[in-house]
Amino acid sequence: MKKLLTSLCLFATFALAACGTSNTSSASSKEEGSSSVEGTSSVVENTSSTKAAKDTYQFEGKIEEEGSYASYINGAYLLTLDAEGKSTLDKYAFSSYDASPAATNTSYSAAFMVGTWKEVTKEGLDCLQIKLAFDNGSNAKTYYAYESEGEYSFDLTVPLSKGQSFTRTAEMTGKKGSLYANADAFIQAYKKEFVEPENVLKVESLENDGAAYFQKDGNVLIYVATSNIASGTYKKTATSLTLTIDDEEIPVTLSATKGSFEYEYSLAGYSTIELEFEFPIADFAKIPETEEGETLPEGVLVELEDGDNDATLTFNKDKTYTIKIAFAGHGTFTVQEGTWSFANYTVTLTPSSGNPYNSSVSEGQFIVATHITWGGGSVDKDLSFSASQNIIGTFMQA
C-alpha cells in the first residue's frame, strides 16, 4: 500500500510539471506573434508586450483633375492612425474654395471613413495594415503601407461620396507622428483661391449659381459656382450671337433691352440643372465680332434698305445721316439729311429741315419710318427701313 501511494504522488507531480511546461510554451508563442493567411500572403502581427502604447502615424494625399466635374471630384485626404489602433480618414473638397475653419467648413468631412490599424509583417516585410470603411461598414478595404527612408506610402481607393461606386485613387504618403497640428492647418495647406477666367463679358444665370464667360478669342466657358461644366465657342455679328457647346447651337435672343439664352447639363447622370442667362443689351457691345458682316464705306455705321422704293438710309459714325433714292435712268439723289442720336434703345433722326422722328421696334424688327416730300413735289411717298432689332447693339457701340 505504501508503494502504491508513493507511485501515485510521483505520477501527479510529473503531470503537473507537464502541464506547466505546456502553458509556458503557448504563452511564449503568442508573444512572438501569430500567423494568419490572406490569399497566399503570410501576415504576422507584431504584438510585443513591451510596448506601453502604439506609435501614431499620419498620411496625406489628394485627387486633382481638370474638366467639367473637377470640383465634385477633387479632394485632399488626411489619414490619422492613433495610439489606440483607430484609423480615421478626413476629406477636404478644396475645389469649393472654402478655407474657413474645419468646425464650420461644409467642404470638410471629418471621419469620412474610419477603421482600424496595426503593425504587421507581410511577406517578410514590416508594414502597417490599415482598414477603412464608411461608418456603416460599407466599402471596407484593407491596405498595407510600407516604409522607405522614414516615409510610408500606399495607394488608397477613395469613393467620391458615401454610397457611391465611383472611385478614384489617391497616393498617400506619411510618417510616424503628425503632419499637421490640427484640421485647420490641413485646410490651410490645401486651400485654393478661385480666379475667374479672363473674359470680356461675364453673364450670370438667374439661379443655380451659373456664369458664362465670353473670351476675346471666341471661346465661351460655362461655370456652376467654381466648376467649369462646359466649354464652347461663340459667333457674333453686328446683329446676332450664337453659342456652340457640345456640337449644339444655342441661339442668343436679343431684344431692345436684353440678351438671353439657356443651357442645360446633367450632373453625372444624377440630376439635370437648367441655367437661364440674361444680360443688358448694352453689354452686347463688349463681345467682339467673330464674323465679318457687309463691308461698309469708311465712316459709315449702319445702312438700312427700303427695297420697295430703292431707298437707302445711311447712319454715319459722325452722327449724321442721309436718305437716298435711286431713280431708274436718272441716278441716285439725296432726299433727306440730318443728324441722329441714340437713347433708351431708340434712335432719333432730326432732319436739317422738318420735325424729328424716332425709330421703333415691332415683332423683332428695328424700324425707321418717314414721309418724304422732295423735288418740288415730284417725290411724295412713305419710306420704311427695317433690320433685326439686334442692330440696336451697333448703335450702342457708336
Side-chain angles (χ1 to χ4, degrees), residues 234-242 251-261 279-398:
Y234 67 83
K235 293 181 180 179
K236 180 196 172 184
T237 68
T239 59
S240 67
L241 178 62
T242 302
V252 178
T253 301
L254 302 175
S255 69
T257 59
K258 67 182 181 181
S260 61
F261 61 97
F279 58 92
I281 193 63
D283 286 348
F284 181 74
K286 298 178 181 178
I287 305 172
E289 292 186 20
T290 59
E291 294 188 342
E292 294 184 1
E294 180 184 358
T295 302
L296 298 173
E298 185 176 356
V300 172
L301 178 66
V302 171
E303 283 190 343
L304 305 181
E305 302 290 336
D306 178 345
D308 293 338
N309 294 291
D310 285 335
T312 302
L313 168 57
T314 301
F315 291 92
N316 298 310
K317 295 178 180 178
D318 63 1
K319 299 299 178 70
T320 62
Y321 78 91
T322 59
I323 296 177
K324 296 181 179 181
I325 298 178
F327 299 98
H330 298 284
T332 301
F333 296 88
T334 299
V335 297
Q336 188 182 96
E337 57 187 350
T339 60
W340 66 270
S341 61
F342 178 81
N344 299 322
Y345 310 108
T346 301
V347 177
T348 299
L349 296 86
T350 302
S352 55
S353 60
N355 298 320
Y357 56 97
N358 297 327
S359 65
S360 64
V361 173
S362 176
E363 297 181 354
Q365 293 291 300
F366 174 85
I367 301 169
V368 176
T370 185
H371 181 80
I372 295 294
T373 301
W374 179 80
S378 60
V379 175
D380 188 5
K381 60 175 62 181
D382 292 322
L383 300 180
S384 181
F385 305 91
S386 65
S388 166
Q389 66 181 8
N390 299 340
I391 204 170
I392 291 173
T394 303
F395 287 100
M396 290 179 172
Q397 297 177 57

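The figures here come from the full heavy-atom set of this structure, side chains too, leaving out hydrogens, waters and symmetry mates.
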Can you tell me how far apart [atom1] ([X]) and [atom2] ([Y]) are? Round to the nearest 0.5 Å.
{"X": "Thr370", "Y": "Ile323", "atom1": "OG1", "atom2": "CD1", "value": "5.5 Å"}
{"X": "Ile281", "Y": "Thr257", "atom1": "CD1", "atom2": "OG1", "value": "7.5 Å"}
{"X": "Phe333", "Y": "Lys324", "atom1": "CZ", "atom2": "NZ", "value": "11.5 Å"}
{"X": "Ile325", "Y": "Asn309", "atom1": "CD1", "atom2": "CG", "value": "6.5 Å"}

### Summary
Lys319 meets the side chain to side chain donor-acceptor pair (under 3.5 Å) criterion, sequence neighbours left out, with none

Is a side-chain donor or acceptor of [X] paired with a backbone partner of [Y] at a separation under 3.5 angstrom?
{"X": "Asp318", "Y": "Thr320", "value": "yes"}
{"X": "Lys381", "Y": "His371", "value": "no"}
{"X": "Ser362", "Y": "Gln365", "value": "no"}
{"X": "Thr290", "Y": "Lys236", "value": "yes"}
{"X": "Gln389", "Y": "Leu254", "value": "yes"}

Using a 4.5 Å cut-off on heavy atoms from C-beta on, say whether the side chain of [Y] contacts that of [X].
{"X": "Val347", "Y": "Leu349", "answer": "yes"}
{"X": "Val379", "Y": "Phe327", "answer": "yes"}
{"X": "Val335", "Y": "Thr322", "answer": "no"}
{"X": "Leu301", "Y": "Asn316", "answer": "no"}
{"X": "Leu313", "Y": "Val368", "answer": "yes"}

Heavy-atom closest contact ([X] atom, [Y] atom, distance):
{"X": "Asp306", "Y": "Asp382", "value": "OD2-O, 4.4 Å"}
{"X": "Ser359", "Y": "Phe366", "value": "OG-CE1, 3.4 Å"}
{"X": "Phe284", "Y": "Leu241", "value": "CE1-CB, 4.0 Å"}
{"X": "Phe279", "Y": "Ser260", "value": "CE2-N, 4.3 Å"}
{"X": "Ser386", "Y": "Ile367", "value": "CB-CG1, 4.2 Å"}
{"X": "Phe261", "Y": "Pro251", "value": "CB-O, 3.8 Å"}

### Query
If you look only at pairs with a residue in residues 326-338, which of them pass as a side chain to side chain donor-acceptor pair (under 3.5 Å), with sequence neighbours excluded?
Tyr321-Gln336, Gln336-Tyr357

### side chain to side chain donor-acceptor pair (under 3.5 Å): pairs with one or both residues in residues 339-348, sequence neighbours excluded
Thr348-Asn358

### Query
Taking the six-membered ring for Trp, are Phe315 and Phe395 parallel (under 30°), tilted (30 to 60°) or perpendicular (over 60°)?
perpendicular

### Task
In sequence, state the C-alpha distance, the side-chain angles, and the governing distance for Ile392 and Phe342, and then conclude on side-chain contact (heavy atoms from CB on, under 4.5 Å).
CA-CA 9 Å; Ile392 291 173; Phe342 178 81; 3.7 Å; yes

### Query
Going through the checks in order, is the side-chain contact (heavy atoms from CB on, under 4.5 Å) test met by Ile287 and Tyr234?
CA-CA 10 Å; Ile287 305 172; Tyr234 67 83; 3.4 Å; yes

